[in-house]
Every structure is written in C-alpha cells, then in structure tokens.
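Presented below is the structure to which this report refers.
The first residue in the sequence is number 1, and the count goes up from there. Numbering of ligands and ligand atoms starts at 1, following listing order.
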Amino acid sequence: MTTPPPKDDHDEAGLRVSPPPASAAGVPGVLHGVKAVLEQAGVRRGVTTLRLVNQQRGFDCPGCAWPEPGKPHLAEFCENGAKAVAEETTIRRVDAAFFAAHPVAELSERSDHWLGQQGRLTEPMLRDTGDTHYRPVSWDRALDIIATELRGLASPDDAVFYTSGRTSNEAAFLYQLFARTLGTNNLPDCSNMCHESSGAALTETLGVGKGSVSITDITDHADLIVVVGQNPGTNHPRMLTALEQAKRRGARIVAINPLPEAGLHTFKNPQTVRGVVGKGTLLSDLYLQVRLGGDLAFFQAVNRLLTDAGAVDHAFIDEFTTGYDDAVAAWQKIDWDDVATATGLTREALEAFVAEVRQAQSIIVCWAMGLTQHKKAVPTIREIVNFLLLRGNVGRPGAGACPVRGHSNVQGDRTMGIWEKPPAAFLDALEAEFGITAPRRPGHDTVDTIRAMRDGKVAVFMAMGGNFASATPDSDLTAAALQSVPLTVHVSTKLNKSHALAGRRSIILPCLGRTERDVQAGGEQFVTVEDSMSAVHASRGTLRPASDQLRSEVAIVCGLASRVFGDDGASAVPWGSFAADYSAVRARIARVVPGFSDYEAKVAVPGGFVLPHPPRDSRSFPTASGKAQFSVNELEVLRVPPGRLILQTVRSHDQFNTTIYGLDDRYRGIRDGRRVVFVNPADLVELGIDDGAMVDLVSEWHDGDRRAPSFRVVSYPTAPGCAAAYFPETNVLVPLDHTAEISNTPASKSVIIRLEPASA
Ligand SMILES: Nc1nc2c(c(=O)[nH]1)N[C@H]1C(S)=C(S)[C@@H](COP(=O)(O)OP(=O)(O)OC[C@H]3O[C@@H](n4cnc5c(=O)[nH]c(N)nc54)[C@H](O)[C@@H]3O)O[C@H]1N2
Ligand SMILES: Nc1nc2c(c(=O)[nH]1)N[C@H]1C(S)=C(S)[C@@H](COP(=O)(O)OP(=O)(O)OC[C@H]3O[C@@H](n4cnc5c(=O)[nH]c(N)nc54)[C@H](O)[C@@H]3O)O[C@H]1N2
Ligand SMILES: [Mo]
C-alpha cells in the first residue's frame with residue numbers, strides 16, 4: 001500500500017490550471033488527507049495514528065495551532081493535519097546509505113519537496129570541514145563536538161539558538177535555559193517571521209501579546225467575525241468548523257482579502273451529514289477585496305465613520321482606555337483619496353462593513369500572515385485594536401482579538417522564554433530559580449541573525465527544528481551567510497534544505513516527533529503544548545519511533561548542557577534529572593512562568609487548562625498606563641511604479657511552510673506544479689502579457705534586482721495590482737532589509753516586482 005519516495009525532482013511540464021472549486025473541504029478533503037497517510041505510513045500504522053490526533057489521550061496535531069473543542073469530534077483532524085501526520089509517520093527512511101549516495105552539493109540543488117519526501121532521519125550525521133558527504137557519527141561524539149565549540153567561544157553571543165514552533169514547552173524551556181546559562185539571548189524563532197507583529201501591537205495596546213478570545217467566543221457568542229488576512233480553508237481548516245457553528249446560530253462573517261479564498265466562501269463540513277451530501281454552508285456574508293497592505297487605511301476609515309456616527313461605547317472608552325481623543329483627531333485628518341488608493345475599495349464597500357459592525361453587539365477580528373508580513377504590520381494591528389476598543393469589544397463574551405497562530409506550539413515556545421527580547425521579570429525569575437546570571441543584552445532575532453552570519457559574527461548556529469535556509473528571506477544571501485558559519489547544528493525529524501546549505505562543519509541530530517513514544521530513564525514521558533487561545537494541554541506519542549537512535553528534544557538539550565556545564569552535581573541546573581523525568585521540568589516551569597502553578601495537576605486533566613489573560617478575564621490591561629491604549633497610526637500608501645505589481649508570497653494547499661506535501665493547490669485550481677504567479681486579468685492586459693506565458697519574477701530594491709526564474713502566469717481574480725506566488729520558491733525575491741517596522745518581520749506579503757519574459 002505504501003509508495004516509494006520520488007527518484008527525480010519534479011519538473012513543471014505537467015502543470016495544469018483549472019477554475020478554482022466553488023467550495024472547500026467536504027469528503028474529497030478528508031480523502032486527500034487520509035490517502036496521504038496511508039501512502040506513507042501504511043494502513044495499520046496510519047489508522048492507529050489518525051485515531052489519536054487531537055484526542056485527549058493522544059497527541060497534539062503537529063499541524064496548526066487552532067484549538068481543540070472541549071469535546072473533540074471522533075475525527076478531530078483535517079485534511080492538512082492528516083498530511084502533517086503522514087509526513088512524520090512515513091515509513092521511508094533517510095539513513096547512512098542515503099547520505100553516502102548523495103553528496104551535499106547534489107542535495108543543495110534538490111527542492112524541499114524532494115528532500116522531504118525521502119523520509120525520516122534515522123541517525124546523527126556529521127559533515128566535517130571540507131567533506132563532500134555527511135557521515136554517521138555517534139551521539140557522544142556529535143555532542144562533544146558541539147560542546148567543545150560552545151566552551152571555546154570568545155563570547156556567548158557568538159552562538160545563536162533558533163527554534164521552530166513544534167518544540168514542546170518542556171524542550172523550549174530547557175533550550176532557552178541552556179542559552180541563557182551560556183550567557184546569550186540569541187534566541188531567534190519562527191515567530192520573528194510570523195506573529196511577531198501581532199505580539200508587538202497587542203502588548204503595547206492591550207498589555208498581553210496574545211489573542212483575547214476562546215473557541216466558544218467564536219462558536220457560541222460572537223455576532224460578527226471578521227477574517228482578515230487569513231486563509232483558514234488551507235491553513236486552519238478546523239477553524240471552518242467553528243465558523244460554521246457560529247454561522248448556524250446566526251453569526252455574520254466578513255472576509256477581507258485580496259484573494260477570494262475558497263474556504264471563506266462555502267464550506268462542506270466532512271464531519272456532518274450536511275457537509276457530506278448537501279451544498280455546504282455559505283460562510284461569508286460580505287467579501288471585501290482589499291488591495292495588499294490596504295488594511296491600515298481600511299480600519300482607519302471604518303474607525304472614522306464609526307466615530308462620526310457616534311456609534312461608539314463611551315462608557316467603556318472612559319473607564320478602560322486612554323488616548324481616545326488623539327485617535328479621533330487623527331481620524332478627522334483622513335484623506336479619502338488615500339483611503340481609496342490604499343484599499344482599492346469603494347465608499348459603498350466601507351459603508352456596508354460599517355453597517356455590519358453597527359448591527360453587532362460583539363465582534364471578533366481574526367487574522368494571520370496577511371496582516372503581519374507587511375511594512376506597516378504593527379500599526380495595522382494597533383488600528384484593529386482601536387476598532388475593537390471603540391465598541392468595547394474586548395473582555396466580554398464573543399468579542400476580542402484573535403491572531404490565529406501558525407505552528408502548533410509557537411505560542412507555547414514564546415511563553416517558555418524563546419525570545420530574543422525577554423522581559424526583565426522573566427530573567428529575574430530564572431535567576432532566582434536556578435542561581436544563574438541571565439544575560440540582559442537583547443539577542444538577535446531571525447533577520448539580525450542572518451546579518452550577523454553575513455558579517456562573520458556567528459561561530460555556532462543551532463536550530464531546534466525548522467528550515468532556516470528556506471523559510472527566511474533573501475535566499476541567496478542567506479544561503480551564503482549560513483554556509484560561512486563554522487559550525488551549524490540541526491535537530492530535525494526530516495531532511496530539508498538547511499541540512500544541505502549548512503555551515504562549514506555541520507551536524508544533523510535526528511529527533512522524535514510528536515506522534516512517537518518517548519521513553520526515558522524515569523519511564524514513558526508526555527509533553528505539553530499551548531494553542532492559539534492560550535489553552536495548555538498534554539500530548540502523548542504512542543507510535544514506535546522511526547529509528548531506535550532517535551532522541552527526544554529534551555534529551556538532546558540536556559545531553560548537550562551536561563557536556564558544557566557538567567552534570568547534576570557540578571552544575572546549578574540538574575540536567576540529568578530533567579532528561580529522566582519531564583515532570584521535574586514542569587515543576588520548575590511552574591515556579592518560573594506566571595500562570596503555571598499546579599502545572600502537573602492541571603495537565604493531568606483531559607483538555608488541560610487556560611492561561612490567565614487579564615484583558616480577556618477582567619478587563620485589566622497591564623500596559624504602561626494601566627489602560628487599554630488607543631494609538632495614532634500614520635498611513636503610508638503603497639505606491640507602485642508603472643508596470644510593476646505588488647507580490648505576496650503565500651502557502652499552497654499542499655504545503656506546511658517549507659514542507660511540501662504535494663504539488664497541487666486544489667482550492668486555487670493548480671495541479672502538478674508550484675511555479676505559478678497569479679495576476680489579475682486587467683493587469684495582464686495592461687502589461688501585454690498572456691495568460692499562461694512563462695515569466696521571470698524580478699523584485700526591485702535599492703541595492704539591485706533579485707530574480708526568480710520561470711513562472712507560469714495564471715490569470716486569476718486577485719485584487720488589481722496584487723500578484724501572488726508560493727514560498728519558499730519566492731523567498732529569493734524578498735530583500736533582507738524589507739521588514740516590518742518595530743517587529744522586524746520580513747515583509748514577504750508586499751514585494752514590488754516586474755514580470756520579464758522567462759530567461760531560461
Ligand atoms: N496546511 C497548512 N497549515 C498551516 C501552514 C501551512 O503552511 N500549511 N502554516 C502554519 C503557519 S506557520 C502559519 S503562520 C499559518 C499561516 O496562515 P495564513 O496567514 O492563512 O497563510 P498564508 O498562506 O500566508 O495566507 C495569507 C492570507 O492573507 C491574505 N493576504 C495577504 N496580504 C494581505 C493584505 O495585505 N490584506 C489582507 N486583508 N489579506 C492579505 C492572502 O491572500 C492569504 O489569504 O498557517 C499555519 N497552518
Ligand atoms: N516568503 C515567505 N516566507 C515565509 C513565510 C511566508 O508567508 N512567506 N512564512 C513564515 C512563517 S509564518 C513561518 S512560521 C516560518 C516557518 O519557518 P520554520 O519553522 O523554520 O520552517 P518549517 O518549514 O515549519 O520547518 C520544517 C522542518 O521542521 C522539522 N521538524 C518538523 N517537526 C519537527 C519536530 O517535531 N522537531 C524538530 N526538531 N524538528 C521538526 C523538519 O525537519 C522540517 O523539515 O516561515 C516563514 N517564511
Ligand atoms: Mo507561522
């Protein structure tokens with residue numbers, strides 16, 4: 001039943017384009033997902049695994065961070081969750097023989113799709129300076145090499161410790177403790193490229209950098225749910241189930257997006273009879289096709305119209321907020337021509353939205369990368385907070401801010417201290433608990449890490465998961481920077497581009513995934529994770545590990561730390577005991593991280609517990625002023641030179657970030673290829689380019705052009721002037737310095753490009 005990995009890299013000759021489907025999911029969705037698991041894992045392993053996804057006794061889906069409902073459905077996973085599971089439970093293996101057969105130079109030419117399809121990593125590998133191939137290395141020797149390098153650093157700040165968002169709370173806590181015991185805050189993470197802008201805006205305005213709603217606020221209470229800059233049909237499919245529930249009890253939904261994404265229109269819930277045989281549920285009541293980067297102007301205009309109409313909650317504003325008068329004064333200065341240019345929307349469209357708002361007692365705004373990856377991302381999200389505050393939509397049922405997180409534990413990792421700019425109180429608590437001296441200098445975030453590598457200032461780069469080389473901007477520059485680092489270390493489950501574009505000396509440490517049984521000296525272990533709505537719960541793997549040489553992330557960190565600092569007796573931190581029994585780690589988390597008291601008891605309860613969130617729980621706002629903060633945000637209209645387009649880089653339906661499951665994007669009508677660029681038909685006419693033509697994408701920046709060759713043009717109903725193409729292929733176009741103000745997140749949703757006839 002299982003199929004072997006592909007021999008050759010895919011060529012795009014078979015690419016087919018058809019009109020996008022009218023609805024999302026339904027039975028085909030689930031079948032696609034289940035097929036993926038059975039092909040890679042086989043029937044028995046596959047079925048056992050799927051039965052345990054997101055169940056209270058099973059493991060947390062390694063896909064997205066959307067929360068589980070209180071009583072999970074018997075099949076509480078989605079097509080894309082099933083594909084994420086298939087990637088991990090595959091029976092294909094990347095072993096020593098594989099590395100002997102494939103020189104690193106060859107691997108670096110392969111696509112992330114091909115690399116990922118080869119299977120699970122099985123044993124530690126080392127490519128020594130000057131070697132052409134990776135060779136097996138023992139765990140002891142691999143950890144000794146890393147420890148020796150770390151002990152010999154001129155400064156602890158010459159080391160960088162990256163984290164992707166799948167790492168458990170326990171591993172994340174120990175990893176940051178290790179970095180800080182060493183003496184550095186160089187803890188960049190995928191969040192720097194993801195919801196950093198949300199965290200920055202929410203911390204400043206509400207006092208907590210996380211979402212302020214729970215799942216029942218969506219399913220049971222909200223009157224209006226605004227989904228802006230997010231494609232849940234692909235990236236958070238289980239969110240559609242929640243939206244459908246809301247819809248069935250009469251909630252209204254507005255979608256704001258340059259692309260008419262399939263999931264936002266009609267949803268066929270495969271877990272209901274209606275969704276299997278019926279027409280499905282029409283989700284959006286109103287669709288606003290905003291121009292890329294137009295949301296700041298949009299919400300400013302809406303806020304102006306609401307204040308003009310007096311449709312605001314003065315009692316809430318007086319009691320709980322500050323800065324209202326300044327914000328009103330700023331809205332009075334709005335230039336309506338700028339609003340029209342920035343948003344691409346008519347006055348009638350704005351009024352239609354305002355009418356929805358005025359009818360709604362309680363409103364939730366959900367968003368994801370469509371807002372966070374723009375130059376003005378932070379001001380845009382602050383403006384959305386203004387919008388919520390105007391009508392008291394924070395801290396009551398059915399109302400609030402809902403940044404929908406990406407990786408399944410990206411929020412938990414940050415809670416555990418994976419952060420290059422840790423709050424002083426967190427460091428104080430670490431010092432008190434462990435008797436270490438925590439570094440106070442801010443560390444490098446992801447973009448600054450690349451700059452430091454480029455400038456020869458990084459001696460050791462370690463990655464706890466992720467695919468740094470492919471996920472980050474300016475691919476050519478980043479690859480050269482990474483390859484210049486003396487030692488890189490990747491703790492990974494699957495082969496990816498970062499292993500091929502690694503440092504002068506490079507180590508791969510293969511680790512257990514979420515689905516696998518984790519047995520340590522103290523017996524079988526479980527880990528804990530936090531979802532997008534601050535709910536923390538246990539996750540237990542049950543499958544036999546892909547290889548008996550795999551180690552858990554916790555064991556890897558503790559093994560390395562023992563070598564650098566000495567074991568239990570010698571070091572202030574009992575690394576050995578932590579590795580043996582993760583409850584010892586949770587006991588320390590309970591004492592260091594606010595909200596985690598009684599951690600062990602609380603995660604023993606099925607479903608776990610929800611972390612405190614003062615704005616949500618009691619309308620108290622731990623900001624500088626002690627109040628929720630209105631803000632004044634300066635508008636900058638994105639003006640594009642003639643003949644140019646704004647390019648956003650998005651996910652297809654068949655990928656998880658840089659993990660490419662397959663080559664289809666069913667909901668956008670693409671089959672068997674990824675090198676496509678979606679362009680509005682009117683733009684094609686104006687540019688004199690035919691639908692189906694082959695072009696190079698050329699991005700323009702003050703230091704010169706960047707080129708991504710050979711894309712097929714697809715005429716598509718995206719907003720005029722706004723093109724779209726998939727990452728990671730297009731990361732080569734995103735200039736390293738093109739980042740969001742304040743958050744420093746790569747602005748990968750607004751890259752100015754021109755289309756040139758294909759050069760190859
Ligand atoms: N299957 C699957 N699930 C995933 C992932 C995956 O790759 N695959 N990735 C995970 C991760 S890490 C994350 S962060 C999330 C990402 O989830 P999303 O943010 O949904 O992912 P993107 O594909 O980046 O889609 C961005 C959406 O915003 C819209 N958009 C872009 N620019 C603008 C704008 O200026 N204004 C507005 N209003 N809309 C805009 C785009 O048209 C698109 O619909 O998903 C998580 N879940
Ligand atoms: N142009 C452009 N670039 C983007 C984005 C975009 O929208 N446009 N989105 C950005 C966003 S939102 C994000 S979050 C980043 C993602 O950046 P990353 O998190 O760095 O990338 P991923 O592709 O999620 O990482 C996949 C790799 O993680 C490893 N892995 C999987 N599971 C585990 C595990 O359990 N443990 C360990 N140790 N390793 C594991 C596997 O080896 C796999 O190859 O990309 C960003 N890059
Ligand atoms: Mo993300």
Side-chain angles (χ1 to χ4, degrees), residues 62-66 78-81 83-84 87-88 112 115-116 121 162-168 171 189-195 227-237 255-261 264 288-295 298 367-374 377 380 404-410 446 463-473 490-499 509-515 553 556 646 648-659 661 718-719 722 724 726-731 733-734 745-746 748-751:
C64 74
W66 187 256
C78 62
E79 171 187 359
N80 278 336
K83 290 188 212 156
E87 281 288 313
E88 192 172 297
D112 272 303
L115 294 166
L121 296 160
Y162 175 72
T163 313
S164 172
R166 267 194 203 173
T167 301
S168 64
D189 69 348
C190 66
S191 208
N192 298 146
M193 298 179 269
C194 188
H195 268 294
V227 182
V228 45
Q230 192 201 348
N231 178 20
T234 285
N235 298 309
H236 305 91
I256 306 178
N257 200 311
L259 291 173
E261 306 283 29
L264 290 171
L288 300 174
Q289 186 163 47
V290 73
R291 186 169 170 263
L292 283 168
D295 307 272
F298 174 80
W367 73 89
M369 298 306 99
L371 294 193
T372 64
Q373 298 175 337
H374 287 285
T380 301
V404 183
R405 293 275 173 168
H407 267 297
S408 51
N409 198 39
V410 61
T446 293
M464 187 57 71
N467 183 359
F468 193 86
S470 290
T472 53
H490 287 98
V491 179
S492 312
T493 51
K494 305 272 305 240
L495 187 65
N496 65 43
K497 205 94 172 175
S498 302
H499 306 126
L509 301 176
C511 68
L512 292 174
R514 228 13 92 94
T515 54
E553 293 177 347
I556 293 169
I646 318 172
Q648 62 156 326
T649 59
V650 288
R651 293 152 171 83
S652 81
H653 194 65
D654 256 1
Q655 73 183 84
F656 194 97
N657 301 338
T658 71
T659 299
Y661 304 134
T718 172
C722 302
Y726 307 128
F727 87 99
E729 289 83 349
T730 47
N731 253 332
L733 299 171
V734 185
T745 294
S748 46
K749 296 280 193 275
S750 48
V751 181

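In summary, the atoms of ligand 2 found under 4.0 Å from a heavy atom of Ser492, numbered by their order in the structure, are 39 (N), 42 (O). Short contacts between ligand 2 and Val491, defined as distances under 4.0 Å to a heavy atom of the residue, involve ligand atoms 37 (C), 38 (N), 39 (N). Per-residue contacts place Cys511 under 4.0 angstrom from the following atoms of ligand 2 (heavy atoms of the residue considered): 36 (N), 37 (C), 38 (N). Contact atoms of ligand 2 toward Gly465: 37 (C), 38 (N), 39 (N) (distance under 4.0 Å to a heavy atom of the residue). Of all the atoms in ligand 2, the ones that sit under 4.0 Å from a non-hydrogen atom of Tyr162 are 17 (O), 18 (P), 19 (O), 20 (O). Per-residue contacts place Glu553 under 4.0 angstrom from the following atoms of ligand 2 (heavy atoms of the residue considered): 34 (C), 36 (N), 37 (C), 38 (N).
Listed by chain and number, residues touching ligand 1 at under 4.0 Å (heavy atoms only) are Cys64, Asn80, Cys194, Val228, Gly229, Gln230, Asn231, Thr234, Asn235, His236, Ile256, Asn257, Pro258, Leu259, Glu261, Val290, Leu292, Gly293, Asp295, Ala368, Met369, Gly370, His374, Gly406, His407, Gln648, Val650, Arg651, Gln655, Phe656, Asn657, Lys749.
The side chain of Asn496, and not its backbone, has at least one atom closer than 4.0 Å to an atom of ligand 2 (non-hydrogen atoms only; side chain from C-beta on).
Inter-residue side-chain proximity for Asp654 and Lys83 is flagged as met; some heavy-atom pair is nearer than 4.5 Å. Side-chain atoms of Gln648 and Leu259, non-hydrogen and from C-beta on, do get closer than 4.5 Å to each other.
With sequence neighbours left out, the side-chain contact (heavy atoms from CB on, under 4.5 Å) criterion links Asn231 to Thr234, Asn235, Glu261, Arg668. In terms of the ring pair (Phe, Tyr, Trp, His ring centres under 6.0 Å) criterion, residue partners of His653 (sequence neighbours excluded) are, by chain and number, Tyr667. For Phe727, there are no ring pair (Phe, Tyr, Trp, His ring centres under 6.0 Å) partners, not counting sequence neighbours.
One side chain, Ser408 or Arg514, offers a donor N or O that lies under 3.5 Å from an acceptor on the other. For the residue pair Ser492 and His499, a side-chain donor N or O sits within less than 3.5 Å of a side-chain acceptor on the partner. In this structure, a donor-acceptor pair under 3.5 Å is present between the side chains of Glu88 and Thr515.
Residue Asn467 has at least one N or O atom closer than 3.5 Å to an N or O atom of ligand 2. Considering backbone and side-chain N/O atoms, Lys494 comes within less than 3.5 Å of an N/O atom of ligand 2. In terms of polar-atom proximity, Thr472 is not counted as a contact of ligand 2, lacking any N or O under 3.5 Å from an N or O of the ligand.
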Would you sort out whether Trp367 and Thr372 count as a side chain to side chain contact (heavy atoms under 4.5 Å, CB included), showing the intermediate values? CA-CA 8 Å; Trp367 73 89; Thr372 64; 4.2 Å; yes
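A heavy-atom separation below 4.0 Å is not found between Thr730 and ligand 2.
Of the residues Val491, Thr446, Thr472, the one that meets the side-chain contact (heavy atoms from CB on, under 4.5 Å) test with Tyr162 is Thr446.
Between the Asp189 side chain and the Thr163 main chain, no donor and acceptor come within less than 3.5 Å of each other.
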